[in-house]
Amino acid sequence: MTPVHVGMPSARDAPRPRDRPDTPDLIDQFGRTARDLRVSITEKCSLRCRYCMPEAGLPPIEASKLLTPGEIARLVGVAVHRLGVREIRFTGGEPLMRRDLEQIIRECRSVAPHTPIAATTNAVGLEHRARTLVEAGLDRLNVSLDTIDQNRFAHLTRRDRLDSVLTGIRAAQQAGLSQIKINAVLMPDTLDGSADLLSWCLDAQVELRFIEQMPLDAERAWARTTMVTAQQLLEVLRRRFDLIETRREDPSAPAERWIVNGGRGVVGIIASVTRSFCSDCDRTRLTAEGTVRSCLFSDRETDLRTRLREGASDEELADAWRAAMWSKSAGHAIEAVGFVHPVRSMGAIGG
Ligand code: SAM
Ligand code: SF4
C-alpha cells in the first residue's frame with residue numbers, strides 16, 4: 001500500500017470505504033503500520049502533574065476491570081507474534097504503582113523473549129526497584145522530569161518528590177539501564193529553567209527530550225495561545241548552548257534532535273502540536289482496562305478484555321485488534337477549528 005500524507009486531517013483525508021488488505025500487520029486506512037505498543041497498566045499515580053492529572057487523582061478503576069499480569073502477557077504475545085509489534089512500553093498512570101510490575105515484565109519477557117521492553121515512569125520510588133525490574137527483563141527507561149528546581153517541581157507535580165526522582169534515575173543507571181531518556185513537557189512555569197535541566201542531563205549522561213504540551217490534561221486548562229512551542233524553547237536554549245540540527249533517521253521517531261555544544265550530548269524536541277507527526281505514527285495502545293485505542297485523540301476504543309475473558313482465541317483477539325487499528329483517524333486535529341478534547345486524559349490513556 002502506498003502511504004499518503006496525513007499530517008493534519010481535513011475533509012480530503014476522510015477514509016474512503018474499501019476493504020482492508022489481507023495482511024497480519026496492524027495497518028490503517030492511511031497506509032501506516034503500528035509496530036510500537038504502549039500498554040497502560042494503572043490509572044494510579046504518585047504525582048499530580050498539572051498538565052495531566054486532576055488534584056484528586058483519576059477515578060479508580062475497579063479491580064475486576066484491570067488486566068492481570070497473565071492477561072497483559074497474553075495480549076502482548078498476540079501483538080508480537082500475530083500483529084508484528086516490535087516494541088512494548090509500559091506506562092500509565094504510574095507503572096511503579098503496580099506492585100506486580102516485575103511479574104508483568106517477567107511474563108511478557110517470557111512470551112516475547114526478543115522484543116525490547118521499556119517503561120515510562122516518574123521514577124518516584126524507582127531506587128528500590130530498579131534492579132528487580134532489570135532482572136525481570138526491562139530493557140529501556142524513559143523518566144519524566146520537567147525541572148530540577150525543587151520548588152517548581154513541587155508546584156508542577158503537587159508533590160515534593162524531586163529527590164526521589166533523581167535518586168531513582170541514578171539507581172536505574174547503576175542497575176545497568178544505559179539508554180535512559182528524560183521527557184520534559186514544555187510549560188510556561190518551567191521554560192526559563194529548561195537550560196538548567198539540559199545542563200543537568202548532559203552531566204548525568206541521559207538524553208533529554210522536550211515535548212509540547214497537548215490538550216490531554218484532566219482539568220482541560222490547555223490553550224493553544226498559552227502553550228510553550230518548540231520554537232520558543234529553541235530560543236531559550238540557544239542563549240546558553242550551541243545547537244546543530246541532526247537528520248532524522250527514523251521517520252516514525254517523533255523527536256527532532258540537536259547536537260549540543262559540538263557533541264557534548266543531544267537534545268530532542270517533540271513538537272507534537274506545532275509540527276504534528278501523525279502521518280508517521282506507528283503506535284497502538286492498550287488501556288489498563290484492556291481496550292485498544294488507535295490514537296491518543298480518538299475516543300473510539302475496542303474492548304479486548306471481555307473477548308479474552310469469554311474465551312476468544314489468539315486469532316480472534318488479533319482480528320479485533322486489526323479492525324480497531326484499520327479505522328485509526330488521520331491525525332489529532334488539535335489546530336483545527338472545532339477540535340474536541342478527548343474524554344480520557346493522558347494519565348487515563350497511557351502516554
Ligand atoms: N507516570 C509516568 C510518567 O509520567 O512518565 C507515565 C505516564 S505519563 C501519562 C506518560 C508521559 O506523558 C509522560 O512523559 C508525561 O510527561 C506525558 N504527558 C502527560 N500529560 C501530557 C500532556 N498533556 N501533553 C504532553 N505530554 C504529556
Ligand atoms: Fe502521573 Fe505521569 Fe501524569 Fe505526572 S505525567 S501525573 S507522573 S501519570
Side-chain angles (χ1 to χ4, degrees), residues 35-47 61 63-145 161 164-183 204-207 283-290 292 304-305 308 314 317 347 349-351:
R35 303 266 184 220
D36 178 353
L37 169 61
R38 306 276 156 125
V39 187
S40 174
I41 54 174
T42 181
E43 82 296 359
K44 294 192 172 47
C45 190
S46 44
L47 302 181
I61 300 175
S64 64
K65 292 191 173 157
L66 212 54
L67 293 182
T68 64
E71 289 171 337
I72 294 170
R74 167 109 188 266
L75 292 174
V76 162
V78 168
V80 170
H81 299 299
R82 293 180 185 262
L83 300 171
V85 160
R86 294 186 185 152
E87 177 170 352
I88 303 146
R89 173 172 297 277
F90 294 111
T91 178
E94 173 46 48
L96 291 169
M97 295 299 281
R98 273 196 70 159
R99 293 279 121 222
D100 55 4
L101 177 58
E102 285 81 352
Q103 187 189 346
I104 293 171
I105 292 175
R106 208 174 301 115
E107 294 198 23
C108 290
R109 171 55 70 222
S110 112
V111 297
H114 307 297
T115 307
I117 298 183
T120 301
T121 174
N122 62 28
V124 172
L126 180 62
E127 57 181 301
H128 307 296
R129 297 173 73 186
R131 195 159 298 282
T132 52
L133 290 169
V134 171
E135 282 164 8
L138 184 69
D139 298 303
R140 298 176 190 164
L141 198 67
N142 284 18
V143 175
S144 303
L145 174 63
R161 304 303 306 274
S164 180
V165 175
L166 301 184
T167 316
I169 294 170
R170 277 191 289 274
Q173 287 177 314
Q174 281 158 10
L177 289 169
S178 54
Q179 292 178 7
I180 298 174
K181 289 190 177 143
I182 304 293
N183 293 345
Q205 299 188 320
V206 288
E207 185 176 327
R283 294 186 188 160
T284 181
R285 293 187 150 80
L286 202 53
T287 65
E289 303 102 311
V292 173
L304 294 188
R305 187 195 71 232
L308 183 155
D314 281 4
L317 293 170
I349 305 167

Check against side-chain contact (heavy atoms from CB on, under 4.5 Å), Val143 and Val165: CA-CA 8 Å; Val143 175; Val165 175; 4.2 Å; yes
Nearest-0.5 Å distance that lies between atom CG in Asn183 and atom CG in Asn142: 4.5 Å
Side-chain heavy atoms of Val78 within contact of Leu83, under 4.5 Å: yes
Atom pair OG1 (Thr42) and CZ (Phe90), whose distance is rounded to the nearest 0.5 Å: 13.5 Å
Sequence neighbours excluded - salt bridge (charged side-chain N to carboxylate O under 4.0 Å, His left out) pairs with any residue from residues 108-122: Arg109-Asp139
Separation between OG of Ser40 and CD1 of Ile72, rounded to the nearest 0.5 Å: 9.0 Å
Lys/Arg-Asp/Glu bridge criterion (N-O < 4.0 Å) met for Arg170, Glu127: no
Side-chain heavy atoms of Leu166 within contact of Leu145, under 4.5 Å: yes
CA sep, side-chain torsions, deciding dist, call: Asn122, Ser46, side-chain hydrogen bond (donor to acceptor under 3.5 Å, both in side chains): CA-CA 8 Å; Asn122 62 28; Ser46 44; 3.1 Å; yes
Taking every non-hydrogen atom, the tightest pair across Gly125 and Ser164: N-OG, 3.1 Å
Passing option when Glu87 is tested against Arg283, Arg140, Arg35 for salt bridge (Lys or Arg N to Asp or Glu O under 4.0 Å): Arg140
Over all atoms of both residues, closest heavy-atom pair of Ile88 and Ala112: CD1-CB, 4.5 Å
Shortest non-hydrogen contact from Pro95 toward Leu101: O-CD2, 3.7 Å
Gap between atom CZ of Arg285 and atom CG of Leu37 - 0.5 Å precision: 9.5 Å
Side-chain heavy atoms of Arg106 within contact of Pro69, under 4.5 Å: no
Worked verdict on Glu289 versus Ile61 for side-chain contact (heavy atoms from CB on, under 4.5 Å): CA-CA 8 Å; Glu289 303 102 311; Ile61 300 175; 3.8 Å; yes
Working for side-chain contact (heavy atoms from CB on, under 4.5 Å), residues Thr284 and Asp36: CA-CA 6 Å; Thr284 181; Asp36 178 353; over 6 Å; no
Side chain Arg86, main chain Thr115, donor-acceptor under 3.5 Å: no
With Thr120 via side chain to side chain donor-acceptor pair (under 3.5 Å) - residues at least two apart: Arg89
Nearest heavy-atom neighbours spanning Leu96 and Val124: CD1-O, 3.5 Å
Residues Ile180, Gln205; criterion side-chain contact (heavy atoms from CB on, under 4.5 Å); working and verdict: CA-CA 9 Å; Ile180 298 174; Gln205 299 188 320; over 6 Å; no
Smallest separation among heavy atoms of Ile117 and Leu138, with atom names: O-CD1, 3.6 Å
pair Arg305-Leu67: side-chain heavy atoms closer than 4.5 Å: yes
Any residue meeting side chain to side chain contact (heavy atoms under 4.5 Å, CB included) with Thr132, in chain and number order, not counting sequence neighbours: Glu102, Arg129, Glu135
Side chains of Ile104 and Thr68 in contact at under 4.5 Å (non-hydrogen atoms): no
Expected output: side-chain Gln173 to main-chain Ala204 donor-acceptor under 3.5 Å: yes
Nearest-0.5 Å distance that lies between atom OG1 in Thr121 and atom CD in Glu94: 3.5 Å
Non-hydrogen atoms of Ala172 and Leu141 that approach each other most closely: CB-CD2, 3.8 Å
Side chain proximity check, Leu317 to Leu308, heavy atoms < 4.5 angstrom: yes
From NE2 (His81) to CG (Asp314), nearest 0.5 Å: 9.5 Å
